[in-house]
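Since the structure comes first, as structure tokens, the remarks are kept for the end.
Reminder, nothing fancy here: chain letters follow the sequence lines and each chain counts from 1. Small disclaimer: the values here were computed from a predicted structure and weren't measured.
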Amino acid sequence: MKPHWRQWVEEIRQQFPQGNSALLPLLHRIQAEEGWLSPETLADVATLLNLPVTTVESVASFYSLFYKRPVGERVVHVCVGLSCALKGADALMHRLEEHLGIRQGQTTPDGKYSLMEAECLAACDLAPVAQVNLRYMGPVPPEEYQRLLGEGEK
Amino acid sequence: MAELNTHYLLRHREVPDIDQIAVYEAHGGYQSLRRALRDFTPEAVLELVKASGLRGRGGAGFPTGMKWSFLPNDGRPRYLVVNSDEAEPGTFKDRELIEHNPHQLIEGMIISSYAIGSHDAYIYCRGEFLRGSEQLARAIREAYAHGYLGDNILDSGFSLHIHLYRGAGAYICGEESALLESLEGKRGQPRLKPPFPAVAGLYGMPTIVNNVETIANVPVLVEKGADWYRSMGTEKSPGIKIMSVSGHVRRPGNYEVPLATPLRTLIEEYAGGVWPGKLKAIIPGGSSVPLLTPDQIDTPLDYESMIAAGSMLGSGGCIVMNDETCMVWAAHRLVKFYRVESCGKCTPCREGTYWMTNILERLESGEGSQGDLEVLLDVADNIGGKCLCPLGDASLGFMVSAIRHFRDEFEAHVREHGCPLGAKRYDPINH
Amino acid sequence: MIRLTIDGQTVTVPEGTMIVDAAEKLGIEVPIYCYHQALGPLGACRMCLVQVEKMPKLVTGCTTPVAEGMVVHTKGPAVEKGRRGILEFLLINHPLDCPVCDKGGECHLQDYTFRYGPPAGRFAEAKLERLKDAPVSELILIDQERCVLCQRCVRFLGEYVGEPQLMLKGRGVETVVAPVDDRPVDSRFSGNIIDLCPVGALTSAAYRFKARPWNQERHPSVCPHCPVGCPVTVTAREEHVVRVEGRPIPEHDWGWLCDRGRFGYDFAVAPSRLLSARVAGRVVPEVAAVRHLANLVRTVREQHGAAAIGVVVGGQHSAEDAFYLRHFAESVLGEGVRLAVSQTVKGYLPLALNGTYDDIGVADAVVLLGSDPYRAAPVLYLKLRERWRRDPQLVRWGVGVRPLSRPTLPLRELRVGPQEMAATVAWGLFSQRPDDEGLRLLTESLEGWQPRDPEGARALAATLLDSQHLVLLWDGKEPWMEAVLGVLTRLRGEKGTRVLPTFGPPNLRGFEWAGIPARWGALEDLLQATVRGEVRLLWVLGADLLREIPDYALAAQALERVEHAVFEGLFPPEGSERFELWLPGAGWSEEPGTWANLEGRLRSVAEAVPPPGEARPVKSLLTALARALRQPWTPPEWNPYLGAEGGLLPREGEPTAPARLPRPEPTAGDLYVWGEPEVFVGGYPSENLRPRRPSLLGEIHPVDAAAWGIGEDGGELGIERFGRRWTVTVRPSAAAAPGMLILPLGAAEAPVNQIGEGPASVIPRVEVERR
Ligand SMILES: Cc1cc2nc3c(=O)[nH]c(=O)nc-3n(C[C@H](O)[C@H](O)[C@H](O)COP(=O)(O)O)c2cc1C
Ligand code: SF4
Ligand code: FES
């Protein structure tokens, strides 16, 4: 448990003093720092908020954006919603899988990339669209998949 | 039907940087709020919203003023919760609003809270909307700094605090009671109704849940009045609506149209027409609604006409599919969405969407057998009307209508052990 | 009241009743999984679909409250198709291997499928794979593939008990019920989830594959492990008890059990069980033992008269056994035989003041007088918690030498010193009613004395006097409390005042009903007479005097002094070498009988299995003994239910008249030794429950622990009392007040009654180590 987490709890509780409302904001904030939510982290969160561990784990397990396994530096969410699929999202995903040598849901062994399916990202005007660490990129035609990997950047 | 030549909701299209408070103010921003606080009693605002006939833009189209009037008068605190969880496939209007014109939502929230007597309002923002939530957070800060939020707003004696809450990836949290559970820090699983949120909502208190677009309409109503609003659309569907158009059209995007604009106008004029190929099917109101066929393209975009046509206006997410689109594939895609997003609380939705996905997967890959279609329809019948929340039913809308209109295509998949569109079909894997 | 029609029949039920419950009243079955009245509606499984006229869709009968004039159909094509559909959904990811499932034959999924289900599986795909037969604790296994996600287990533990040890994990079709990794489900109420589980997803590890429903017998019975006396069903197979389940009694009892009651039945086969008779330590045939006993009786009686025989009966026996004993004593042994019940505390509560569990349902105030029901009477604790959850306004007090409040049942606390409870309560009452003669008398000796928390004492007194329906739980430690309770009851007049005694051997009221004196005084007299040499033959049945009675020294002296000590029971008692004759007894479930619980309610315990080895029931022992004495004796016919209306013993007996309370003495010493009943420590041995027995028995306040060099993980502590030294294991615990050492009653390793309650000094650590 990191000491400044307590500080965060204080801050969040000011906004959301009731119920367990502080839970999701705290998980978001800690995940942003830690990259993912390990069982130990979840137990810490339970202690910090004085909640049962079951509650914290159960809640964390419900939401797809809470990562229960370590993820890569770049988390690529490819939208596979119908509108994107109509514009080649499957091919985009396929190219990425081939290039990275992993399947969707996995992380490259070097820890650089995680590839995930996203349900409709509410950006169908940009289809096929993807998010890299939750930042939109689109349209990304399948053949331009490398843009999502930031290769050539820097 | 008059075409809109100005935007009322998507004003950023005309005014760049309207997400900055100074720009927003320079273009009349927060004037409606000043006016409401100065010239209107809360009851008068409520009357205005009722008179305008504004209906909820989140999907169900429930009259907003009527919903507000359901709040019991028992002295308990009340909350306004804005639903910005937009995740209905094909819908992307709320995202544009919060990313580009967040102050209009905030202004609407303040006026609405004033009307219903709420002093704490919440925005439940979809977890994936990172930029949207950053924009909202900034706009809220600006609004506080300018005295539009906080205690004693503009010396009116009215106080309001807005709390921004991020979801974390779960479509079901768009359903209002699941949203409230999530906002209370729990798993986003729908609650039993009754009690409805207006009676026992957030933290057990009377709560109004409204869609982003719904609330973004409120400043416009105060500025222009109910009569103006009613001058557009129909008696039962007055006003303006943002339609999100995507799929096989030349210019996918959000379009602000008067209600009752023909679907054809939206697709052919606003969105530049079907491209590539020819029109095969349209989902007019988000993935939960039944499809319309090309011969229905002249249906007006209003709540009642859409129902009469066998579909729904829903959230206004219009997905256009061309003649290269395999309906089995599309049904599989959509049903799988509901499988992934089912919360798992009730049996028919949890197991049924799983089962239907399996069958559709089999059909699509050419491994379907005689009888699969009957089973599929029967499974749909066993889901329909038997779930705890509307998600289960939502999973059926497209699939059942696709089977109804394109039965031969489903049967051909069994007969020919694969997709009859063959090479013509857009094959994403070997693209 | 609401009138509605279900399947053409009319029924009238209270407003708020759900359709399924209204249907049940008519004997109409609406299948359910997720719904349970105690847990409230959830509406998750959708099994209970019914048709209501004027409603467009089928509705769930468990979430739809009745309405005046409603017309409900629980049959018909739409309903039947709906049900079939739901069952089919539940089966798609469920293994179809009922024959090897432990729930086979008593599974709702199997039953409903048989009754309403789809003809054949149309689901052609692979089922999802999940955890199978994984332990969630030493006692319970989970099979996630069989789970129907009704959430009963999760909600029971989380909401009802307040110990959320199971959770829903994941989302959608991936959802499973699971514990948090590496944290066993060790709630003391965990076993109820086995009963609650409508399918074979949660099963008992101990019962696993022990029996199949069709080759077993099930008997209605009562749990023997604590004074609550929960109704149970006992399953026997091949002469062994293999399972104990809760037995719901409509409108009175949900059928919850604590794990002690559910899993503790294996005492019957404990290795230490006495299976043959012994004389002077040597195994002898039973007949020889009976002859020996007859000789003892004859000799003592001839030399000293029947009054030289003392008989003590304890908690392992039925009311009938006690009745036979009394009858036998009077008609065979002769005039003057002394009889007593073995006691765990010195307090006594006259039945006239005794309440029932139903009182909790209508109480507006509950006051715990020293009782910690969570430890001493677990299911009673659940009843209190349920009451509080239904009515958060319920006034709740915990009066004790230590905190009795817990997060799952918060109480307003009033701390008293040892032996100061009656004084504190009386003082508080007197402060409110200074004119009352009885109170004046009680508090005369308290002149100039003040309770630790005078304000609190006054506030408590206000609750005690003003509440409309008051329920008190009493630990029975200070016998003079009886008089205070008597005065309180009188002061409250018409208002309900009901006491639930959480002490005593489980069947105390049954023995009393059978005519055996049930006050501590009777036992004390008998033992004192023994010490004085007046009693020459002491016959103890089903009691363990040296371990359970509050005056160890008296028992020890009596056993030291007495010429002949004879023991009958299931296990050799503490100090067994003092008994020249051991007779193996039949116990619970090995003979039919009647037991009374702390409400004074009679319930029958069935004979489920035969007694093992040479153990035999009291009745047969007495018959044999009479024969050996050559005195005719036929066991009398006695129906304990006669005179007990509805099984409830008549509320009679006056509380002792007010007399001056003993003035509380200040206590010195390092730590005050305090004995606490704890169902998972005292009582019968159990292999099943060994993991639940705390490894460190004693508890001290964390500050004291630090002061005496006990770390967070606990350790050994040396104490001295009356010049004798003891080493006990202790753990720091918030349950202990500062300056207090809590020891569970009935533990051989920490014999609190031997050490004696009272101040002790701590032997500094170095010295302990040198020893
Ligand atoms: C499965 C499901 C998902 C929903 N998602 C959304 C959503 O993303 N945004 C939204 O505003 N309403 C959504 N709704 C509708 C809400 O439950 C609710 O009706 C709406 O927020 C009310 O706002 P309105 O009256 O302004 O339309 C959803 C409903 C269901 C059943
Ligand atoms: S509370 Fe007592 S009587 Fe009930 S199950 Fe537990 S031990 Fe048995
Ligand atoms: S019993 Fe009614 S929904 Fe489960």
Non-hydrogen side-chain atoms of [X] and [Y] separated by less than 4.5 Å:
X	Y	answer
A:Cys120	B:Glu88	no
B:Arg126	A:Leu121	yes
B:Pro252	A:Lys87	yes
B:His163	A:Gln14	no

Sub-4.5 Å heavy-atom contacts with chain B: which residues of residues 98-116 of chain A show up?
none
Chain B contact residues among residues 64-71 of chain A, heavy-atom distance under 4.5 Å
A:Ser64, A:Leu65, A:Phe66
Need one label for A:Val80: side chain, backbone, both or neither, based on atoms under 4.5 Å from any heavy atom in chain B.
both
Given a strict heavy-atom distance threshold of 4.5 Å, which part of A:Gln131 is in contact with chain B: side chain, backbone, both, or neither?
side chain
What's the separation between atom [atom1] in [X] and atom [atom2] in [Y], rounded to the nearest 0.5 Å?
X	Y	atom1	atom2	answer
B:Ile283	A:Leu82	CD1	CG	5.5 Å
B:Arg333	A:Asp90	CZ	CG	4.0 Å
A:Leu134	B:Phe129	CG	CZ	11.5 Å
A:Asn20	B:Ser182	CG	OG	11.0 Å
B:Leu164	A:Gln15	CG	CD	8.5 Å

For the residue pair A:Phe16 and B:Tyr165, categorise the inter-ring angle as parallel (less than 30°), tilted (30 to 60°) or perpendicular (more than 60°).
perpendicular
Choice from B:Gly253, B:Ser244, B:Cys343 maximising heavy atom contacts with chain A below 4.5 Å
B:Cys343
Should the pair B:Arg95-A:Asp125 be classified as a salt bridge under the 4.0 Å nitrogen-to-oxygen rule?
yes
Does a side-chain N-to-carboxylate-O contact under 4.0 Å join B:Arg339 and A:Glu119?
no
